[in-house]
Amino acid sequence: MTKINKNYLELQGSYLFSTIAKKVKAFTEANPEKKIIRLGIGDVTRPLTPTIISSLHSAVDEMANKETFRGYAPDLGYEFLRSAIAANDYKMRGCDIEADEIFVSDGAKCDSGNIQEIFGEDNVIAVCDPVYPVYVDSNVMAGRSGKAIEGTGKYSNIIYMPCTKENGFAPECPTEVPDIIYLCFPNNPTGATITKTELQKWVDYANEHDSVIIYDAAYEAYIKDEDVPHSIYECDNAKTCAIELRSFSKNAGFTGVRLGFTVIPKELVRDGVSLHTLWARRHSTKYNGAPYIIQRAGEAVYSDAGKEEIKGLVGYYMTNASYILKGLKDAGYEVYGGVNAPYIWLKTPNNMTSWEFFDHLLETANVVGTPGAGFGPNGEGYFRLTAFGDYNDTVEAISRIQKM
Ligand code: MLT
């Protein structure tokens, strides 16, 4: 008889953004005349920029000719893209990362869910609380989480690192030492950042305890402050303890195009084995490479024109972020994030739970956001708005919220 993977039965509820989508669908069906403004999931709304579109077109044309047609992509990524990433994202920031330490993929969500596969089931993971749910759920599926603890939203074998307003939504290094530490800065969902000096403490901690940091830097393009690192490899000795995840979704608007990459330095060894080798084996076995057309579009992100256009996109969304921050502050809300990140994290008013506020906002202002509790127990009492909306919609949403 076929047996299922019983770990899946430990998952609590459905995936956060699927739950929200279902609620919004039900509301829309019941109220077809209402104009909903979606500031929930961090999905972009600006079209791809001209340089990206033109590189997509020419790559499509190449596929129409026998001489330039491409079949399977190299499973770890085309050299032209890996070199562009190494040069622009790393060497230019003084990080000694080589092209062959970069693994191209179809996005950071998949990578952040899949990376745990190269680690033994008996590792203990530590996550920020609140946290991007994929890190937790993928470890639950793999049987690494222990049992769900009834009524807490937690699992028995996961170390939760509280991120609260008292610690600036930046966790302390835990006293119980984890084997794997998930960090995401600029943070999803709180929009918090940490300085290079603070990140260096995590690197030193991980090296001292032989832990591995999985560093999700999907939002690095939104960093304005000089002392906030764009990559963990800006820290000394990070290559012996850190894996970095990156995305083209949030900077270049590839949420529907799909492209990302993972960096695993060759020096990163645990249990006497190179993690780079393990991930290369995993990637080549389970993945046939991101499409050529898309990788050419990724390369165009690093051209001079591409870089200028991406600055424009990021600037557009950050104008939204500033507008939301100011508009909510003026309306008396307690707000965080939104300065080096496209997320605004607000305290729910009148002691509402975050799901109560979700319903209230949807029904009263017809605005969709994301309840903090969906990101973990310490997200309760908070709410996330995204700056990835259309500017006029964002202005309208804030005006509706101010009238609530
Ligand atoms: C979010 O809203 O948290 C993100 O868009 C989700 C993702 O990037 O997968």
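Indexing begins at 1, ligand by ligand and atom by atom, following the structure's order. The shown structure was predicted, so the numbers you read here are calculated from the model rather than taken from an experiment.
By the side-chain contact (heavy atoms from CB on, under 4.5 Å) test, M63 pairs with F69, R70, Y292, I293, sequence neighbours left out.
Residue Y132 has at least one N or O atom closer than 3.5 Å to an N or O atom of ligand 1. Any N or O atom pair closer than 3.5 Å counts here, and G42 shares at least one such pair with ligand 1. Checked by distance only, ligand 1 and K250 come closer than 3.5 Å through their nitrogen or oxygen atoms. Between N188 and ligand 1, an N or O atom pair is found at a separation short of 3.5 Å.
Close approach to Y343 involves these atoms of ligand 1, each under 4.0 Å from a residue heavy atom: 1 (C), 2 (O), 3 (O), 4 (C), 5 (O). Of all the atoms in ligand 1, the ones that sit under 4.0 Å from a non-hydrogen atom of I41 are 2 (O), 5 (O). Atoms of ligand 1 lying under 4.0 Å from any heavy atom of F17, numbered from 1 in the order shown and given with element: 1 (C), 2 (O), 3 (O). Under a 4.0 Å criterion applied to the non-hydrogen atoms of K109, ligand 1 contributes the atoms 9 (O).
Under a 4.0 Å heavy-atom criterion, F388 is not in contact with ligand 1.
A cation-pi arrangement is present between R46 and Y316 under the rule of less than 6.0 angstrom and at most 45 degrees off the ring axis.
Neither the backbone nor the side chain of F375 has any atom closer than 4.0 Å to an atom of ligand 1 (non-hydrogen atoms only).
The aromatic rings of Y78 and F80 lie parallel to each other, their planes meeting at an angle below 30°, with 60° marking the opposite boundary.
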Determine all donor-acceptor pairs shorter than 3.5 Å in which one atom belongs to a side chain in residues 209-216; sequence neighbours excluded.
from	atom 1	to	atom 2	distance (Å)
S211	OG	P178	O	2.7
D216	OD1	A218	N	3.1
D216	OD2	Y135	OH	2.6

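D111 has no carboxylate O lying under 4.0 Å from a charged side-chain N of R246, or vice versa, which leaves the two without a salt bridge.
A side-chain N or O of T49 and one of E309 form a donor-acceptor pair less than 3.5 Å apart. When only modelled atom types and interatomic distance are considered, N187 and T190 share a side-chain donor-acceptor pair under 3.5 Å.
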